[in-house]
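Here's the structure we're looking at; comments come further down.
Just so you know, residue 1 is the first one in the sequence shown, and it goes up from there.
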Amino acid sequence: MFWESELNTPLLWCLVETKSCSTPRTKLPTPALGSCGERTAVQEPDWASVTLGVFVCQGCSLLHRGIPHISRVKSVQQEIWDASEVELMAAMGNEPAKAKYEQKVPAFYYRPKHTDCKLLREQWIRARYERNEFEFIEKQEPYSAGYREGFLWKRGRDNGQFLSRKFILSEREGALKYFNKQDARDPKAVMKIETLNATFQPAKIGNPYGLQITYLRDNSTRNIFVYHSDSKEMVDWFNAIRAARFHYLQVAFPGASDEELVPKLTRSFMKEGFMEKTGPKHTEGFKKRWFTMDDRRLMYFKDPLDAYARGEVFIGSKENSYTVLPGLPPSTQGYHWNHGITIVTPDRKFLFACETEAEQRDWIAAFQRVINRPMRPQEYAVEAHFKHKP
């Protein structure tokens with residue numbers, strides 16, 4: 001017996017011994033390579049949820065196992081299938097499942113990629129199938145109401161301890177605020193939605209739900225590191241920030257489409273890691289620093305969890321005389337790592353050294369991607385007012 005699907009996608013042939021089907025060779029419809037039902041993977045979707053009717057990759061199958069009351073997964077090629085299970089897969093499939101479970105996904109809601117942390121991928125799956133957030137708009141209130149208030153564990157700037165702090169996000173006020181004391185009337189910091197960014201950093205922060213929030217203060221980047229013990233709470237905060245950014249940009253750029261605005265809501269850093277650097281005279285000894293490449297801002301810190309950067313370098317475009325070169329000038333001394341990088345700007349040269357050749361290649365590639373991209377009008381204003389701290 002063969003089970004066909006209406007999906008206009010390639011078919012994967014597999015040998016399945018079904019308990020109720022006399023024919024051992026069963027034809028299961030599956031999406032093409034890289035079409036995991038969660039849209040998070042580039043792997044072949046060789047697993048399936050036989051209760052939800054979706055094909056997923058191995059990584060997402062592990063997350064589906066976390067909701068056994070909702071989803072039961074099987075290997076497409078290595079497990080025994082009942083004819084009824086094959087029939088369900090033929091009747092459903094990834095595209096019909098998407099139409100059902102993603103009816104009302106807000107434009108600002110973050111759809112994770114396969115490279116994102118486990119927290120984002122897991123909560124995306126739970127939001128779709130366990131909580132049905134995208135079928136019932138009222139379930140989206142925690143991140144779409146325009147106002148959010150709650151407590152997060154925040155890392156102290158000086159002592160490094162995480163303490164509970166009250167946070168308030170208000171679209172009406174155009175800001176995210178936090179308070180050092182529960183009954184405090186005045187906030188410790190006010191972060192304008194205009195410059196706000198958030199990115200999950202579990203490894204850096206040392207917590208699986210760790211979120212790094214950045215904003216500009218006097219044209220310099222300020223970092224705040226927070227987490228919450230509840231995974232859904234943390235992802236709700238993240239999407240609430242994205243919603244606030246989305247609504248702000250809709251007002252700031254009234255003619256822009258959702259497709260144009262969504263990539264600007266939050267961003268992951270292009271690259272992070274340790275390099276050595278020397279000062280502007282190139283005669284000082286090289287010092288090991290943590291570097292973060294955030295779009296055109298290259299920031300360096302003594303410690304990855306520092307609140308403020310020791311310095312920031314603006315990386316412009318090749319049309320504006322910015323260049324990245326492998327190696328260091330022949331007369332350079334004082335470095336410990338042998339894989340150098342020179343960034344040439346209209347004003348000076350910046351010298352860095354990487355520990356390995358692979359790191360050197362990765363950093364040069366990151367710099368080159370930025371330099372090859374023409375500068376936008378607003379970036380000229382950033383360049384003009386940029387403050388570099390030697």
Side-chain angles (χ1 to χ4, degrees), residues 5-9 29-31 35-41 45 47-57 59-74 84-114 116-148 150 169 171 200 209 228 230-247 250 257-259 261-263 265-266:
S5 170
E6 296 177 357
L7 291 174
N8 293 320
T9 54
T30 67
S35 297
C36 170
E38 306 311 333
R39 304 300 194 272
T40 67
W47 291 77
S49 169
V50 296
T51 50
L52 296 172
V54 293
F55 292 93
V56 297
C57 67
C60 289
S61 75
L62 297 176
L63 299 178
H64 273 257
R65 293 181 190 274
I67 50 172
H69 55 295
I70 301 292
S71 180
R72 185 164 61 90
V73 296
K74 276 190 171 184
S84 60
E85 295 169 341
V86 178
E87 196 169 43
L88 171 67
M89 299 305 299
M92 181 62 82
N94 289 0
E95 291 306 316
K98 177 182 177 182
K100 176 182 178 181
Y101 295 109
E102 299 181 33
Q103 297 175 33
K104 302 170 183 177
V105 181
F108 60 78
Y109 195 97
Y110 186 78
R111 296 171 180 258
K113 303 181 289 293
H114 71 283
D116 284 315
C117 62
K118 178 184 176 182
L119 170 65
L120 281 170
R121 293 183 288 119
E122 179 184 90
Q123 285 302 311
W124 166 247
I125 289 173
R126 288 184 179 274
R128 292 177 75 196
Y129 306 120
E130 186 178 49
R131 299 190 294 267
N132 303 111
E133 289 181 18
F134 311 131
E135 297 178 62
F136 306 99
I137 292 180
E138 62 271 17
K139 294 189 176 184
Q140 301 171 12
E141 189 274 339
Y143 46 80
S144 62
Y147 181 89
R148 185 173 177 84
L169 175 66
E171 290 187 15
F200 280 100
Y209 308 151
H228 194 282
D230 185 277
S231 56
K232 178 183 182 300
E233 182 81 5
M234 202 66 253
V235 174
D236 283 348
W237 270 105
F238 176 65
N239 280 303
I241 290 173
R242 286 177 60 85
R245 289 272 303 153
F246 182 64
H247 297 144
Q250 282 182 316
S257 66
D258 291 355
E259 290 73 19
L261 297 181
V262 166
L265 302 186
T266 54

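Heavy-atom minimum distance, Gln140 versus Pro106: OE1-CG, 3.1 Å. When all heavy atoms are compared, the tightest approach of Val235 to Leu119 is CG2-CG, 3.7 Å. The shortest heavy-atom contact between Trp237 and Gly150 is CZ2-N, 3.6 Å. Taking both residues in full, the closest heavy atoms of Arg148 and Pro142 are given as NH1-O, 2.9 Å, listed atom of the first, atom of the second, then distance. Considering every non-hydrogen atom in both Phe134 and Tyr101, the closest pair reads CB-O, 3.3 Å. What you find for Val50 and Met89 is that their closest heavy atoms are CA-SD, 4.3 Å.
Applying the side chain to side chain donor-acceptor pair (under 3.5 Å) criterion to Tyr109, with sequence neighbours excluded, gives no partner residue. Remark: Arg242 pairs with no residue by the salt bridge (charged side-chain N to carboxylate O under 4.0 Å, His left out) rule, at least two apart or across chains. Partners of Glu135 according to the salt bridge (charged side-chain N to carboxylate O under 4.0 Å, His left out) rule, which considers only residues two or more places apart in sequence or in another chain, do not exist here. Legend: residues meeting salt bridge (charged side-chain N to carboxylate O under 4.0 Å, His left out) with Arg65, ordered by chain and number and at least two apart, are absent. Looking at residues two or more places apart in sequence or on another chain, you find a side chain to side chain donor-acceptor pair (under 3.5 Å) between His247 and Glu171. Looking at residues two or more places apart in sequence or on another chain, you find no salt bridge (charged side-chain N to carboxylate O under 4.0 Å, His left out) involving Lys100.
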Next on the checklist: Phe246 vs Asp258, test: side-chain contact (heavy atoms from CB on, under 4.5 Å). Steps then yes/no.
Outcome noted: CA-CA 9 Å; Phe246 182 64; Asp258 291 355; 3.4 Å; yes
Checklist entry - Which is it for Trp124 and Asp116 under the side-chain contact (heavy atoms from CB on, under 4.5 Å) test, yes or no, and what are the steps along the way? => result CA-CA 11 Å; Trp124 166 247; Asp116 284 315; over 6 Å; no
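The residues Glu85 and Arg72 are annotated as salt-bridged, a charged nitrogen and a carboxylate oxygen being separated by less than 4.0 angstrom.
In this structure, the side chains of Glu130 and Ile125 stay at 4.5 Å or more apart for every pair of heavy atoms. Taking the side chain as every heavy atom from C-beta outward, Thr51 and Ile70 never approach each other to under 4.5 Å.
Counted by atom type alone, Gln123 and Arg131 present one or more donor-acceptor pairs between their side chains at under 3.5 Å.
Tyr129 and His64 have tilted rings, their planes meeting at an angle from 30° to 60° on a 0 to 90° scale.
Summarising the local packing, NZ of Lys118 is surrounded by 12 or fewer heavy atoms from other residues, nucleotides or ligands at distances under 6.0 Å.
Here the straight-line distance linking atom CE of Met234 with atom CZ of Phe200 works out to 5.5 Å at 0.5 Å rounding.
Here the side chain of Asn239 pairs a donor or acceptor atom with the backbone of Tyr110 at under 3.5 angstrom.
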